[in-house]
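The next block holds one structure in the form of structure tokens; read it before the comments.
Just so we're clear, the structure is a prediction, and the values are computed from it rather than from any experiment. Order of listing sets the numbers, starting from 1, for every ligand and every atom in it.
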Amino acid sequence: MSNKIFVDACLGKETPYTPVWMMRQAGRYLPEYMAVRAEAGNFLNLCHDPEKAAEVTLQPLDIVGVDAAILFSDILVIPDEMGMDLEFIKGFGPKFNDPLQSQEDLDRLIGGSEAASKLTYVYETIELLREQLDARGDNKALIGFTGAPWTLATYMIEGQGTKTYNICKKMMYSNPKLLHNILAKVTEVIKLYMEKQIESGIDVVQIFDSWAAAIEPSKYDEFSWKYMVEIADYLKSKYPDTPIIMFPKGIPSFLDEVYGNFDVFGVDWSTPMADAKEKLGDKYVLQGNMEPCRLYSQEATKECVESLAETMKDGRHIFNLGHGILPDVPVENAKYFVKLCQEASKRK
Ligand code: CP3
């Protein structure tokens with residue numbers, strides 16, 4: 001039985017207040033993060049160093065007061081360990097030098113349990129965090145995560161971030177079989193990876209489909225959602241008590257079609273919370289969804305938190321941003337947001 005309010009909230013139980021965390025909460029807006037990253041040398045070294053990764057995971061709990069920690073890592077460690085050789089280039093972002101172009105390219109990648117068992121540094125980070133969180137005794141939860149197969153595939157096929165997704169969309173429409181083979185291979189690794197994260201000690205799973213909006217609505221289920229649901233089904237069959245959060249970013253027109261065995265639906269900032277509540281609120285707990293740039297202004301933050309608290313006053317809610325916090329947000333404003341969420345939702 002859990003006594004973590006974040007876990008309870010994910011399961012739709014009543015909690016003393018609505019818990020809050022922020023996507024990308026461990027990151028560059030925190031000077032303390034920048035100091036540890038500098039010690040590690042670069043971002044990937046930091047991901048590979050369990051002690052330092054655990055340290056930055058916990059920073060937002062102490063500095064901004066959030067109710068849950070999210071494992072410090074990156075979604076792209078999966079393709080990296082499948083054999084794609086990830087680099088993070090300063091001022092540019094992630095890069096894979098040999099993007100997938102053919103079935104032969106895909107066949108060269110390591111799959112299944114062989115790939116999942118190479119991510120030992122992630123499991124070690126989680127084990128350290130489990131010990132440290134239990135020792136703190138403040139019942140804050142630990143969120144583990146993965147990218148959705150589609151979001152990972154966009155980087156594996158394009159080799160980098162993209163605005164147009166033209167290379168993966170060319171594959172979607174002219175060679176859908178290859179795209180499905182890529183998605184299926186990544187899905188198998190993710191199932192085992194998330195299973196190992198749960199075995200290592202995470203409390204909650206979040207699946208980030210950050211680039212969901214790149215897919216036209218009539219193709220979204222086929223190329224993304226059904227793979228996310230397959231992962232959720234697999235995890236729920238083995239770990240029915242571990243909550244799963246699905247975060248598909250930017251697909252308001254898909255709300256009517258959402259299905260699957262998971263607990264929390266992450267609402268992005270382009271979707272009005274009242275719409276999400278009307279369509280999904282009885283079935284799923286809702287997470288979100290302040291536009292992250294409101295964090296530049298305390299007044300804009302307050303207006304939004306009060307409105308969200310009112311819309312979600314009956315509960316079944318977790319406060320969050322509608323996407324990740326940006327590097328130039330003042331720490332004071334992040335603290336202000338967290339405190340306001342906790343106070344605005346206090347139940348007597
Ligand atoms: O605090 C947390 O949320 C946990 C850590 C986390 C990171 N990345 C750390 C990170 C998580 C959950 C992610 C997920 C991630 N990574 C996503 C999905 C979430 C989202 O925001 O949509 C995506 C698309 C990525 C891929 C990725 N990683 C990109 C495109 C970049 C470069 C862009 C950027 O922000 O610099 C990264 C790097 C990255 N991942 C950083 C951090 C803290 C910045 C690296 C640095 O310190 O310079």
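Taking Lys170 as the reference, nothing meets the salt bridge (charged side-chain N to carboxylate O under 4.0 Å, His left out) condition, with sequence neighbours excluded.
Ion pair Glu343/Lys339 flagged as a salt bridge, since at least one NZ, NE, NH1 or NH2 atom sits closer than 4.0 Å to an Asp/Glu carboxylate oxygen. Checked for salt-bridge contact, Lys302 and Glu306 meet the test: a charged N lies under 4.0 Å from a carboxylate O. Residues Lys236 and Asp233 are not paired through a salt bridge, judged by the lack of any N-O separation under 4.0 Å between the basic side chain and the carboxylate. In summary, Arg130 and Asp203 engage in a salt bridge, as defined by a charged side-chain N under 4.0 Å from a carboxylate O. A salt bridge links Asp62 with Arg136: the closest approach of a Lys/Arg side-chain nitrogen to an acidic carboxylate oxygen falls below 4.0 angstrom.
Shown in contact with Pro94 at under 4.0 Å from a heavy atom are these atoms of ligand 1, numbered in order with element: 29 (C), 30 (C), 31 (C), 32 (C). For ligand 1, the atoms closer than 4.0 angstrom to any heavy atom of Ile70 are 1 (O), 2 (C), 3 (O), 4 (C), 12 (C).
Applying the ring-ring contact (aromatic ring centres under 6.0 Å, His included) definition to pairs two or more places apart or across chains, those involving residues 59-83 are Tyr33-Phe72, Phe43-Phe72.
Within 6.0 Å of the CD atom in Glu39, the count of heavy atoms belonging to other residues, nucleotides or ligands exceeds 12. When the shell of 6.0 Å around CD of Glu216 is examined, it contains more than 12 heavy atoms from other residues, nucleotides or ligands.
Protein heavy atom at the shortest distance from atom 1 (O) of ligand 1 is Ala26 N, 2.8 Å. At the shortest separation from atom 41 (C) of ligand 1 among protein heavy atoms lies Phe43 CE1, 3.7 Å. At the shortest separation from atom 5 (C) of ligand 1 among protein heavy atoms lies Ser73 O, 3.6 Å. With hydrogens left out, the protein atom closest to atom 25 (C) of ligand 1 is Arg24 NH2, 3.4 Å, a heavy atom. From the protein, the heavy atom lying nearest to atom 47 (O) of ligand 1 is Tyr33 OH, 2.5 Å. In this structure, the protein non-hydrogen atom closest to atom 11 (C) of ligand 1 is Phe145 CZ, 3.7 Å. What sits closest to atom 37 (C) of ligand 1 on the protein, heavy atoms only, is Phe88 CE2, 3.4 Å.
Assignment of Gly147 to the shell around ligand 1 is not supported, since no heavy atom sits closer than 4.0 Å. Distances from ligand 1 to the non-hydrogen atoms of Pro327 include no value under 4.0 Å. Contact between Leu71 and ligand 1 is present, with at least one heavy atom of the residue lying under 4.0 Å from the ligand.
In this structure, Phe265 and Tyr284 have tilted ring planes: the angle between them lies in the 30° to 60° band. Ring geometry, Trp225 versus Phe262: the interplanar angle exceeds 60°, so the pair is classed perpendicular (tilted spans 30 to 60°).
Inclusion of Tyr155 in the set of residues having an N or O under 3.5 Å from an N or O of ligand 1 is not warranted. The shortest N/O to N/O separation between Thr151 and ligand 1 does not fall below 3.5 Å. Not one N or O of Trp211 is nearer than 3.5 Å to an N or O of ligand 1, by distance alone. On a distance-only criterion, Gly27 and ligand 1 share no N/O pair closer than 3.5 Å.
Compare Leu326, Asn42, Asp74, Ile75 by their heavy atoms: the one nearest to atom 40 (N) of ligand 1 is in Asp74. In this comparison of Pro60, Gly93, Ser210, the heavy atom closest to atom 22 (O) of ligand 1 sits on Ser210. For atom 35 (O) of ligand 1, the nearest non-hydrogen atom from the set Met34, Arg28, Gln25, Met22 belongs to Arg28. Comparing heavy-atom distances from atom 48 (O) of ligand 1 across His323, Met23, Gln160, Arg37 singles out Arg37 as nearest.
In the hydrophobic cluster analysis, where Ile, Leu, Val, Met, Phe, Trp and Tyr join through side-chain heavy atoms closer than 4.5 angstrom, Leu44 is grouped together with Ile75.
For the 3.5 Å distance criterion, the side chains of Tyr239 and Glu199 qualify, holding a donor opposite an acceptor.
Proximity of atom 33 (C) of ligand 1 to the protein is not indicated, since no non-hydrogen protein atom lies closer than 4.0 angstrom.
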